[in-house]
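Have a look at the structure below before the remarks.
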Amino acid sequence: MSLMEGMCKIFFVLIIVLPLIAKQVSATQHVVGGSQGWKESVDLNSWASAQTFKVGDQLVFKYSSGLHSVVELGSETAYKNCDLGTSLDSKNTGNDVVKLNKVGTRYFACGTLGHCDQGMKMKITTVAGNAPSTPASDSDSSAAAFFPRSFPTFLLFSPLLILYFLL
């Protein structure tokens, strides 16, 4: 293989691999309520207001199945009145994932009788994927602030490995 062919292959691989890495890095999984999860005792709106939700991110609702559920409400009025009868979607596995696929405001509540009225509800606003990120807390390392926990770190080195094996 000539040097020119090798360089073309490297260039081609980088064009394919780098966008995949960039897409993976830009998406974040937000565990609703942080380490406490989707519970009555968590101030969910305070938690949500401290986050930046971007198109492509995911909300992960972790809770005791059978005790709670997740209901997506269709309007601010339904949210304010805890009108669960107008729900857009309902989940109850205890580990539910909701993809944030468009800009706008979404409303979530617990479907268990009385829980929404007791404050187990949350309103989030999703922004375009190129919006500034939520600043990392002091306890986050710089790498953890840049890459989500789910990011497979070996991908950081894959372009170098590809170069190594191709040369």
Side-chain angles (χ1 to χ4, degrees), residues 16-153 155-156:
I16 299 297
V17 172
L18 289 179
L20 295 174
I21 292 172
K23 182 170 176 63
Q24 178 69 29
V25 169
S26 65
T28 301
Q29 280 195 333
H30 301 273
V31 177
V32 175
S35 60
Q36 295 178 350
W38 179 245
K39 286 181 161 179
E40 297 155 289
S41 60
V42 177
D43 184 348
L44 296 163
N45 282 310
S46 290
W47 173 84
S49 66
Q51 310 297 311
T52 300
F53 303 103
K54 296 180 184 180
V55 172
D57 287 357
Q58 296 177 336
L59 296 178
V60 180
F61 291 85
K62 294 188 177 197
Y63 57 91
S64 299
S65 181
L67 180 60
H68 300 298
S69 66
V70 178
V71 176
E72 183 168 1
L73 304 173
S75 70
E76 177 105 24
T77 302
Y79 169 77
K80 287 180 178 178
N81 296 325
C82 289
D83 182 1
L84 303 177
T86 62
S87 67
L88 300 175
D89 191 19
S90 182
K91 300 180 182 308
N92 59 10
T93 68
N95 191 30
D96 303 319
V97 177
V98 174
K99 186 168 183 179
L100 304 176
N101 51 13
K102 63 182 177 178
V103 171
T105 303
R106 292 174 76 174
Y107 309 93
F108 299 93
C110 180
T112 302
L113 187 62
H115 288 193
C116 179
D117 291 318
Q118 293 171 6
M120 195 171 170
K121 60 184 181 176
M122 173 182 77
K123 170 172 126 172
I124 66 142
T125 301
T126 305
V127 296
N130 58 358
S133 295
T134 303
S137 68
D138 293 338
S139 63
D140 287 342
S141 71
S142 59
F146 186 73
F147 298 106
R149 293 185 203 278
S150 62
F151 181 74
T153 54
L155 286 178
L156 292 173

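All of these numbers come straight from a predicted model, not from anything done at the bench.
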So which heavy atom on [X] is nearest to which on [Y], and how close?
X    : Y    : value
T86  : A78  : OG1-CB, 3.4 Å
S69  : N92  : CB-CB, 4.1 Å
S90  : V71  : OG-CG2, 4.0 Å
K39  : Q36  : CD-O, 3.4 Å
C110 : C116 : O-CB, 3.9 Å

Rounded distance [0.5 Å steps], NE2 in H115 versus CG in L67: 5.5 Å
Between OH on residue Y63 and CD on residue E40, distance to nearest 0.5 Å: 13.5 Å
With [X], which residues qualify under side chain to side chain donor-acceptor pair (under 3.5 Å), at least two apart?
X    : answer
S64  : none
T77  : none
T105 : T125
T93  : D96

Y107 vs K121, side-chain contact (heavy atoms from CB on, under 4.5 Å): CA-CA, chis, key distance, verdict: CA-CA 8 Å; Y107 309 93; K121 60 184 181 176; over 6 Å; no
V31 backbone acceptor or donor facing K62 side chain under 3.5 Å: no
D57 (side chain) donor-acceptor with T28 (main chain) under 3.5 angstrom: yes
Sequence-distant partners of I124, side-chain contact (heavy atoms from CB on, under 4.5 Å), two or more places apart: A48, F53, L59, L100, R106, F108, M122, T126
D117: partners by side-chain contact (heavy atoms from CB on, under 4.5 Å), with sequence neighbours left out: C82
From CA spacing to verdict: side-chain contact (heavy atoms from CB on, under 4.5 Å), F61, K91: CA-CA 9 Å; F61 291 85; K91 300 180 182 308; over 6 Å; no
Min side-chain heavy-atom separation L73-D83 under 4.5 Å: no
Heavy-atom side-chain proximity of L44 to W38 below 4.5 angstrom: yes
